[in-house]
Participant: 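Let me begin by handing over the structure; questions about it come next.
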Amino acid sequence: MRIVLASSEVAPFAKTGGLADVAGALPKALAKLGHDLRVVLPRYRMVDAAKHRLRPMLASLPVPVAGRTEIAAIWQGEIGPVPVYFVQHDGYYDREALYQTKDGDYPDNAERFAFFSRAVLELSRVLEFIPDVYHCNDWQTGLIPTYLRTTLHGAREFHAAGVLFTVHNLGYQGLFGPEALAAADLGHDLFNPFGIEFYGKVNFLKAGLVFADLITTVSRKYSEEIQTEEFGHGLEGVLRARAKDLHGILNGIDYDEWHPSRDPYIAARFSQNDPAGKAACKADLQRAFGLPERADVPLLAVISRLASQKGMDLVAEALDALPDLDAQFVLLGTGEPVLHQAFEAAKARHGSRIGLKLGFDVGLSHKIEAGADMFLMPSRYEPCGLNQMYSLAYGTVPIVRATGGLDDTIQPFDPATGEGNGFKFAGTTSEALLETVRTAVAVYRQPEEWRRLVKNGMACDFSWDRSAREYEALYQQIVTRRTGKP
Ligand code: ADP
Ligand code: GLC
């Protein structure tokens, strides 16, 4: 099949979170299955054209937006065998960050991503690469199915093109004032509850949910959760109405990028059968964070956006227990200023046990996965979560809240049977987290049991092949629906 995957971030070119990892890895897995893929993303300032050897492909692509025509230039690079197209428009994308400054979202985000969505469609016309399925991701691409089924409804070349829309996080919807309709060149007829209106606002994510042929999200558990009021962020009704077309497909992880036997960022290579190098990685990590180099302390870690979704307030509150547990803690993350302050304050109290890097650093994230003993993910909700799977691969034991993809991937360790790959709790308090950390530390102090647990984790296989086959089946379903051909 011919597939165009559109995403606002794609690793290794531009990344703020897990969406980039998925958009960078799934295309490779689909190409292996024999599909003809194209990936499209904006060319942000962050994209290093020299490093990735991008070439100019198309000097001038006219794209209608906000009642006028703006010109994009298209650059080409690749991920493995898959061509990747970068939509260049410096007015929209040559900026410090992808979506916001520290003062908030860019005020023209509706226009920036309406433009991107329309550019994806105009580009496929010019290249005469109209795919069987546009695989769209998150609110930034929600207008692709919208244009296909409204503005471009009469355009014959798009008739058979279907859309799979993947929700990576329902907490980010692309909500804008009604003026976004004009920015997106959409008519007021869509501004109603059955269209893209949402409590008086324009909602790009809802647009994707309404107009796509099929919808997926990134774990089975999250696909169920989001149909409830607790997790639906107000869109549970829309999702329930489309329940038959809504599927959960667990993300895979890219073992080419994330495997301790070949990771270029880490101090020593290791594997399930030859785990010795992990000790050197732990010492290296302690050094990197200026902590005492002790092999015997449990080293707890976090790599995260510092946002309330991730339950980081629970972690900050739990840190006063570190001396009692005789444990160390390292954190790599950036986000809400109150959380930065909470972690700084904890470090001021326990300087010899806490190491902080409040920033974004891909190399350091690999060192942490390799060097830590335990990884904390007490998320309030978690569509999939990748770090618990990276942790398993690196022999680092995940301690997670039982929600979304965390619940689907982590089974609690039972010392009696030796089964399980981590620790899991249900509560939403720092005490619930702490109690589970205490259980984990007790197992850590039993080296035989701990070795077994680590081994179980390293034996897990979350490679993309399986998920890619599930996407393939849904693409096929869409083609059958749109063409009537099996
Ligand atoms: P989300 O996409 O909700 O942030 P995921 O667990 O799916 O959560 O993916 C997060 C990805 O971003 C992982 O690859 C993680 O290592 C990475 N990441 C998060 N924060 C940082 C950071 N401060 N520095 C480097 N990588 C980070
Ligand atoms: C989102 C979710 C995260 C998921 C990622 C990739 O950012 O918050 O749970 O793993 O997308 O699908």
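Since we're looking at a predicted model, the values are computed, not measured. Each ligand, and each atom within it, is numbered from 1 in the order the structure gives.
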Participant: Which atoms of ligand 1 are found less than 4.0 Å from any heavy atom of Arg305?
Facilitator: 1 (P), 3 (O), 4 (O), 20 (N)
Participant: If you measure from each heavy atom of Lys15 to ligand 1, is any distance below 4.0 Å?
Facilitator: yes
Participant: Do Tyr134 and Ile3 have side chains that approach each other closer than 4.5 Å (heavy atoms only, starting at C-beta)?
Facilitator: no
Participant: Tell me whether Lys221 is salt-bridged to Asp407, with the criterion being a basic N under 4.0 Å from an acidic carboxylate O.
Facilitator: yes
Participant: Atoms of ligand 1 less than 4.0 Å from Tyr390 heavy atoms?
Facilitator: 14 (O)
Participant: Report, in ascending order of atom number, the atoms of ligand 1 lying under 4.0 Å from any heavy atom of Gly385.
Facilitator: 6 (O), 7 (O)
Participant: Salt bridge check: are Glu224 and Arg220 linked by an N-O gap of less than 4.0 Å?
Facilitator: yes
Participant: Taking 4.0 angstrom as the limit and counting only heavy atoms of Gln309, give me the atoms of ligand 2 inside it, by number and element.
Facilitator: 8 (O)
Participant: Indicate whether the side chain of Thr403 and that of Glu225 have a donor and an acceptor atom separated by less than 3.5 Å.
Facilitator: yes
Participant: For atom 9 (O) of ligand 2, grab the closest protein heavy atom and report residue, atom and distance to one decimal in Å.
Facilitator: Glu382 OE2, 2.5 Å
Participant: Below 4.0 angstrom, N of the basic side chain to O of the carboxylate: do Asp132 and Arg2 qualify?
Facilitator: no
Participant: Between Asp465 and Lys32, does any side-chain N to carboxylate O distance fall below 4.0 Å?
Facilitator: no
Participant: When you check the gap from the basic side-chain N to the acidic O, do Glu382 and Lys310 get nearer than 4.0 Å?
Facilitator: yes
Participant: Can you tell me if Glu96 has over 12 outside heavy atoms packed within less than 6.0 Å of its CD?
Facilitator: no
Participant: By number and element, which atoms of ligand 2 are closer than 4.0 Å to a non-hydrogen atom of Gly385?
Facilitator: 3 (C), 4 (C), 9 (O), 10 (O)
Participant: For Gly333, counting its heavy atoms only, list the atoms of ligand 1 lying under 4.0 Å from any of them.
Facilitator: 23 (N)
Participant: Counting non-hydrogen protein atoms only, what is the nearest one to atom 11 (C) of ligand 1? Give residue, atom name and distance.
Facilitator: Gly18 N, 3.7 Å
Participant: Considering the heavy atoms of Pro383, write down every atom of ligand 2 situated less than 4.0 Å from one of them.
Facilitator: 2 (C), 8 (O), 9 (O)
Participant: I need the nearest protein heavy-atom contact for atom 1 (C) of ligand 2: residue, atom name and distance, please.
Facilitator: His168 O, 3.0 Å
Participant: Could you check Asp245 against Arg481 for salt bridge (Lys or Arg N to Asp or Glu O under 4.0 Å), going step by step and ending with a plain yes or no?
Facilitator: CA-CA 12 Å; Asp245 294 331; Arg481 262 198 211 184; 2.6 Å; yes
Participant: Hey, are Asp320 and Arg349 close enough for a salt bridge, meaning a charged N less than 4.0 Å from a carboxylate O?
Facilitator: yes
Participant: Looking at non-hydrogen atoms alone, which of Ile303, Val218, Leu19 comes nearest to atom 18 (N) of ligand 1?
Facilitator: Ile303
Participant: With a 4.0 Å cut-off, would you call Asp213 and Arg149 a salt bridge?
Facilitator: yes
Participant: With heavy-atom distances below 4.0 Å as the criterion, list the atoms of ligand 2 near Val22.
Facilitator: 6 (C), 12 (O)
Participant: Indicate, with yes or no, if the rings of His89 and Phe116 have centres closer together than 6.0 Å.
Facilitator: no
Participant: Evaluate Asp361 for polar contact with ligand 1, using N/O atom pairs at a separation under 3.5 Å.
Facilitator: yes
Participant: Of all the atoms in ligand 1, which lie at a distance below 4.0 Å from a heavy atom belonging to Asp21?
Facilitator: 14 (O)
Participant: Under 4.0 Å from a heavy atom of Val218: give me the atoms of ligand 2 that qualify, with their elements.
Facilitator: 12 (O)
Participant: Need the ligand 1 atom indices (1-based, order shown) with element for anything under 4.0 Å from a heavy-atom of Gly359.
Facilitator: 22 (C), 23 (N)
Participant: Numbering the atoms of ligand 1 from 1, which are under 4.0 Å from a heavy atom of Asn387?
Facilitator: 6 (O), 10 (C), 13 (C), 15 (C), 16 (O)
Participant: Any idea which part of Asn251 is under 4.0 Å from ligand 2, heavy-atom wise: side chain, backbone, both or neither?
Facilitator: side chain
Participant: Please identify which atoms of ligand 1 are closer than 4.0 Å to at least one heavy atom of Ser304.
Facilitator: 20 (N)
Participant: Tell me, please: is Lys310 in heavy-atom contact with ligand 1, that is, under 4.0 Å?
Facilitator: yes
